[in-house]
Amino acid sequence: MQTVLVTGGTGFIGSHTVISLHESGYEVVIVDNLINSKKEVLNRLERITGKRFKFYNIDCCDRDSLKTVFEQNKIDSVIHFAGLKAVGESVQMPLEYYSNNINSMITVLSLMREYNVNNLVFSSSATVYGQSEDVPFTEESPLGVCTNPYGWTKWMLEQIIKDCANAIPSLKVVLLRYFNPVGAHESGLIGEDPKGIPNNLFPYISKVAAGTLEKLTIHGDDYDTPDGTCLRDYIHVCDLAQGHVKALQYIDNNYAGVNIFNLGTGKGTSVKEAVAAFEKACGHEIPHVIGPRRAGDLPVCYASTAKAEQLLGFKASRDINDMCSSCWNWQVNNPDGLQD
């Protein structure tokens, strides 16, 4: 049985991926410093899977502490989620984002080299494509000028990983560029649990639907799209989690080097369509107003999924209605999020 180290494994995407890994027969070791998640996630994962996962409360920038994980476990592969991820916050705290996200990856890579761990799946982002309007984005689309420090860290980390793969012939890497992960596990036990006012659309809609927030502001309805609002490629987090399992299986069956895949649905959903689908899920209207455009927003952004379908055998199976109903189920069952 292969053992996978999942950094950031109590976070939103990480925790759902732990479930998929377990269901696919992998042994999982979780590392997380709990800066943007809660230890209660481990209890929820145990309720879902029946297994108590080995957990280390460690910051991936702390090399000495992280080294103990490699010493105490025979790690076969690493899935690296750990990192700061709020776009707006990264603009206000650029030094913290560059320091944390880059140093944590360098620490992980150096320990992988020291302990002869050669399999890596990296949590990247469609933000690396920058402000191009040439959609759909393929893996060969030019990497753009990123609009925030968070995006730049993903761009830089991809380059660092590519350089390491050039220098270490045995290294096998899959870079996964996510589009817009949303939704929650069907159990309603884990989901997206942001601290403070949510930055992303779906957690915000959930809070408005629950009455915690007064109304949703739609930023612009005069774009060149069918209903005037921005189109985004939303992917259910459980589909995304399965994409990581497919990436590990791909690594097992292929030569060393770096391979890059988009993970999305290949379809754009407008903000108004997302609101309508959420209203259907919760059974009542969601108060919303139209505000001015937000600087840097692309009218349309969605993935080409052909490469992932052909080489990974990955295709998202859940639609926008599934995403909204699972979000609402999570919200209803956890109105105040997870409590430690």
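Heavy-atom basis, side chains included; hydrogens, waters and symmetry copies ignored.
By the 6.0 Å contact criterion, NZ on K280 is open, its count of non-hydrogen atoms from other residues, nucleotides or ligands being 12 or less. Within a 6.0 Å radius of CD in Q339, more than 12 heavy atoms belonging to other residues, nucleotides or ligands are found. Counting non-hydrogen atoms of neighbouring residues, nucleotides and ligands closer than 6.0 angstrom, the CD atom of E285 reaches no more than 12 such neighbours. Other residues, nucleotides and ligands contribute more than 12 heavy atoms inside 6.0 Å of the CZ atom of R63. Environment of CG in L311: crowded, with over 12 heavy atoms of neighbouring residues, nucleotides or ligands closer than 6.0 Å. Surrounding CG of N253 are more than 12 heavy atoms belonging to other residues, nucleotides or ligands, all under 6.0 Å away. The local environment of CD in E46 is crowded, with over 12 non-hydrogen atoms from other residues, nucleotides or ligands closer than 6.0 Å. No more than 12 heavy-atom neighbours from other residues, nucleotides or ligands sit within 6.0 angstrom of CZ on R47.
Screening residues 300-340 for ring-ring contact (aromatic ring centres under 6.0 Å, His included), with sequence neighbours left out, gives no hits.
By the salt bridge (Lys or Arg N to Asp or Glu O under 4.0 Å) test, E192 is found to be paired with no residue, residues two or more places apart in sequence or in another chain being considered.
Side-chain contact check for N118 and R113: no donor-acceptor pair (N or O, by modelled atom type) lies under 3.5 Å. With no hydrogens or angles considered, no side-chain donor-acceptor pair links E89 and Y150 at under 3.5 Å. Side-chain contact annotation: S123 with H80, donor-acceptor N/O pair under 3.5 Å absent.
The aromatic ring centres of H16 and F12 sit less than 6.0 Å apart.
The side-chain heavy atoms of C324 and F202, taken from C-beta on, include a pair separated by under 4.5 Å. Using a 4.5 Å heavy-atom cutoff, the side chains of I30 and T10 are in contact. Looking only at side-chain heavy atoms (C-beta outward), Q131 and V145 stay at 4.5 Å or farther from each other. The closest side-chain heavy-atom distance from P299 to D224 is not below 4.5 Å. For the pair V300/E133, no side-chain contact is recorded, criterion being any heavy-atom separation below 4.5 Å from C-beta on. Side chains of Y56 and N73 form a contact here, defined as non-hydrogen atoms less than 4.5 Å apart. Counting heavy atoms from C-beta on, the side chains of I19 and T49 come closer than 4.5 Å. Considering only heavy atoms from C-beta on, T212 stays 4.5 Å or farther from V208 through its side chain.
Annotation: the span from N259 atom CG to K307 atom NZ amounts to 6.0 Å, rounded to 0.5 Å. The line from CG of N254 to NZ of K172 is 7.0 Å long, rounded to the nearest 0.5 Å. In this structure, the separation between OG on S304 and CD on E309 is 8.5 Å, given to the nearest 0.5 Å. The OH atom of Y223 sits 10.0 Å away from the CG atom of D221 when rounded to the nearest 0.5 Å.
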Take F81 and H244 through the test ring pair (Phe, Tyr, Trp, His ring centres under 6.0 Å) and record every step on the way to the result. CA-CA 11 Å; F81 293 105; H244 292 77; 5.0 Å; yes

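Taking the ring axis of F179 as reference, the NZ or CZ atom of R232 does not stay both within 45° of it and closer than 6.0 Å to the ring centre.
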